[in-house]
**Student:** 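Please read through the structure below; I'll follow up with questions.
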Protein chains: 2
Amino acid sequence: MEHTPIACSHHDHNHCISDALEAARQLCLGRGVRLTDLRLQVLELIWQNHKPLGAYTLMEMLAKANTRRVAPPTVYRALDFLLEQGLIHRINVLNAFIGCPSPTTKHQSHFLICRACGIAIELNQPELSQQIIGVARDAGFAVETQSLEVSGLCANCAGNTEHSEHRHE
Amino acid sequence: MEHTPIACSHHDHNHCISDALEAARQLCLGRGVRLTDLRLQVLELIWQNHKPLGAYTLMEMLAKANTRRVAPPTVYRALDFLLEQGLIHRINVLNAFIGCPSPTTKHQSHFLICRACGIAIELNQPELSQQIIGVARDAGFAVETQSLEVSGLCANCAGNTEHSEHRHE
DNA sequence: GGCGGCTATGTTACTCTATAACCTATCATC
DNA sequence: GATGATAGGTTATAGAGTAACATAGCCGCC
Ligand SMILES: [Zn+2]
Ligand SMILES: [Zn+2]
Ligand SMILES: [Zn+2]
Ligand SMILES: [Zn+2]
């Protein structure tokens, strides 16, 4: 049952972006929280590809887009909001953030991260979450959040490894 | 098959420490790498309990123990060595380090982390590693390393939650 | 024993990541 | 349009990690 993830295959990424932004608008509307210009802008920047972006990278992008200085708290507050609403995930191993393709359904943070091209693929495996909860319960542990970060090579990069190991863009 | 982990139960922790240090000595001897005084000292400090310690906390402890200033590179180099040899793991979600109770057997980094008492319990579940590898393979992804960090409440703290939610020592 | 290369540690300076504290602007509601 | 609440701007600082270079031990060899 091999199935190449969207992030790894050629696809119309504008579609990913518009879907994500529209989903965010609906979700915030439904919850009565404010998806302000800044927050939307940060979300859009995060979605510009399937690679996690650091807060300071986002800060520079914001500064460039708005042609004025943007300070860390500004971007961190937007990121905190997006994290709270489940619109993005934090990739701890990279100190970076990536958009969530299914923010409406509650789920844990499970990612495959390619060390060659930098892509992060979000898994959708409720059974895995359940198994982890089970293992934890056997140890008397009550799970609140899960972070699974698997590093390696994605389908694209695994094939090209011998030729070009270290490209980052 | 409930089984309270050692880290969570009353136990002779000096035994944990001496076991870990002796295992480290043997392992380094066998591999022909040098477990220097500094590296051993850092490992011992890390093992002083079952809670992950940050690099800067370790730095202060080192400075106190040696009654002289210790700079970041000193402790980071020791940590790098211990990580390479598999004697410790890094807990990404905490930016902290914890001793590995089974450094001789190759395995992934799977932890339960109690947000109340700060303890980190290392799981020993090869089946879980295998399942993760399988899920990744279905996405065409070649796994190199895994980091599973589950946050919640340990057996001890889950019972006491209503009384004292936020004790850290 | 003394030389030369290698590994480990010391030292300084810096980068990157994140937050505290305080102030101002905007929004919603009455 | 006053009032309270939320969002964003600003400054400063904390926390985590690394680069670059100097020094000190260690080891094998002559
Ligand atoms: Zn998600
Ligand atoms: Zn890739
Ligand atoms: Zn381990
Ligand atoms: Zn606990």
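Order of the sequence lines sets the chain letters (A, B, ...), proteins ahead of strands, with each chain counted from 1.
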**Student:** Just checking, any donor-acceptor pair under 3.5 angstrom between side chains of E44(A) and Q48(A)?
**Tutor:**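 Result is no, nothing qualifies.
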**Student:** Mind listing the closest non-hydrogen atom pair of A71(A) and M59(A) along with its distance?
**Tutor:** C-SD, 3.8 Å
**Student:** Please tell me whether V93(A) and F111(B) are part of a single hydrophobic cluster in this structure, the criterion being side-chain heavy atoms less than 4.5 Å apart.
**Tutor:**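 They do not share one cluster, since no chain of ILVMFWY contacts under 4.5 Å joins V93(A) to F111(B).
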**Student:** Can you check whether R34(B) has a side-chain N or O nearer than 4.0 Å to OP1 or OP2 of dT7(C)?
**Tutor:** no
**Student:** Below 4.0 angstrom from OP1 or OP2 of dG10(C), is there any side-chain N or O of T74(B)?
**Tutor:** yes
**Student:** Just the rounded figure in Å: distance from C1' of dA7(D) to CG of D37(A).
**Tutor:**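 After rounding, the reported distance stands at 12 Å.
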**Student:** Just how far, in rounded Å, is P of dA21(C) from OH of Y76(A)?
**Tutor:**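 The distance from OH of Y76(A) to P of dA21(C) comes to 18 Å, rounded to the nearest Å.
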**Student:** Let me know the distance between CZ of R39(A) and C1' of dT6(D), rounded to the nearest Å.
**Tutor:** 8 Å
**Student:** Can you measure L38(A) atom CG to dT6(D) atom C1' for me and round it to whole angstrom units?
**Tutor:**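 That distance rounds to 14 Å.
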**Student:** Should Y56(A) be counted as stacked on dT17(C), where stacking needs a ring-centre gap under 5.5 Å and an angle between planes under 30 degrees?
**Tutor:** yes
**Student:** Separation of L94(B) atom CG from dT17(C) atom C1', in whole Å?
**Tutor:**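 Result: 16 Å.
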**Student:** What is the distance, rounded to the nearest whole Å, between atom CG of N95(A) and atom C1' of dT17(C)?
**Tutor:**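 Distance check: N95(A) CG to dT17(C) C1' gives 6 Å.
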**Student:** With a sphere of 6.0 Å drawn around CG of D12(A), does it hold more than 12 non-hydrogen atoms of other residues, nucleotides or ligands?
**Tutor:** yes
**Student:** For a quick check of understanding: with a heavy-atom distance under 4.0 Å over all strands, which category does T36(A) fall into, base, sugar-phosphate or nothing?
**Tutor:**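 Contact class for T36(A): sugar-phosphate only.
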**Student:** Atom CD of Q41(A) and atom P of dA7(D): how far apart are they, to the nearest Å?
**Tutor:** 17 Å
**Student:** Roughly, in whole Å, what's the span from CZ in F81(A) to P in dT6(D)?
**Tutor:** 13 Å
**Student:** Please pick, from dT17(C), dA21(C), dC27(C), the nucleotide with the shortest atom-to-atom distance to any side-chain atom of R77(A).
**Tutor:**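 The answer is dA21(C).
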**Student:** R68(B) or F97(A): which one's nearest nucleotide on DNA chain C is closer to the 5' end?
**Tutor:**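 The answer here is R68(B).
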**Student:** side-chain hydrogen bond (donor to acceptor under 3.5 Å, both in side chains) with H107(A): which of Q146(A), H89(A), Q125(A)?
**Tutor:**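 So the option named by the test is H89(A).
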